[in-house]
Amino acid sequence: MTATNNELLGLAFMAFFIITLSSTARYYFKFFCFVVLSVVCAVGPVPLMLLRPRDYRNALLPAYLCTKFGKALGASFEVRGKENVNRQHGGVVLMNHQSALDLVGELNEEFDE
């Protein structure tokens, strides 16, 4: 059983209509897009990372791309307590992951400055 072009076009129109009218559907659509793009951004640069094993700079490209996708999808964050972070020393970041989007807030602070 295959779908015709008209059926696919009708399905795409219905999905667009639902996403346009429903803020909940729009949220889940954006969330799905962000998760898929984040996986692609995290897995895509792996061959480049093999050239510099165990180098912290390997994470900069995926973090940068995920941050840009988050901003493009309209994610915004409020980060409190930045005055307590000492950039001259190492530290530990503890996060209670409520969703996949909270990581973008952490990454966002790194690339905003």
Side-chain angles (χ1 to χ4, degrees):
M1 196 178 209
T2 60
T4 65
N5 288 338
N6 289 338
E7 290 171 338
L8 292 175
L9 185 62
L11 185 62
F13 178 74
M14 285 178 24
F16 176 76
F17 186 70
I18 290 170
I19 289 170
T20 303
L21 292 180
S22 171
S23 61
T24 304
R26 191 170 32 255
Y27 168 79
Y28 283 114
F29 177 73
K30 287 182 176 184
F31 185 79
F32 174 78
C33 289
F34 176 75
V35 170
V36 169
L37 290 171
S38 294
V39 169
V40 169
C41 290
V43 175
V46 167
L48 296 173
M49 294 176 186
L50 295 175
L51 299 174
R52 296 185 304 197
R54 296 181 178 221
D55 190 352
Y56 73 93
R57 293 175 294 175
N58 287 336
L60 294 178
L61 178 62
Y64 177 78
L65 293 174
C66 288
T67 300
K68 292 302 176 188
F69 285 131
K71 285 183 179 180
L73 292 173
S76 62
F77 299 91
E78 176 186 341
V79 178
R80 292 182 236 161
K82 288 189 336 184
E83 65 276 1
N84 299 321
V85 177
N86 185 349
R87 289 189 170 263
Q88 302 302 320
H89 295 80
V92 177
V93 177
L94 300 174
M95 295 172 46
N96 180 9
H97 292 285
Q98 300 286 323
S99 72
L101 295 177
D102 59 353
L103 184 59
V104 177
E106 180 66 33
L107 298 174
N108 194 23
E109 290 302 312
E110 182 66 30
F111 292 110
D112 275 348
E113 297 177 3

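These numbers were taken from a predicted model, which means no experiment stands behind them.
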Closest approach of N58 and M49, non-hydrogen atoms and distance?
O-CE, 3.2 Å
Distance-minimising heavy-atom pair for P62 and A42
CB-CA, 4.3 Å
Residue set satisfying side-chain hydrogen bond (donor to acceptor under 3.5 Å, both in side chains) with R57, at least two apart, ordered chain then number -> D55
hydrophobic_cluster_shared for V35 and F29, side chain cutoff 4.5 Å
no
N/O donor-acceptor pairs under 3.5 Å from side chains in residues 18-26, not counting sequence neighbours:
from, atom 1, to, atom 2, distance (Å)
T20, OG1, F16, O, 2.7
S22, OG, T24, N, 3.4
S22, OG, A25, N, 3.1
R26, NH1, I19, O, 2.9
R26, NH1, T20, O, 3.1

Starting from L65, can I reach V36 by hopping between I/L/V/M/F/W/Y residues whose side chains sit under 4.5 Å apart?
no
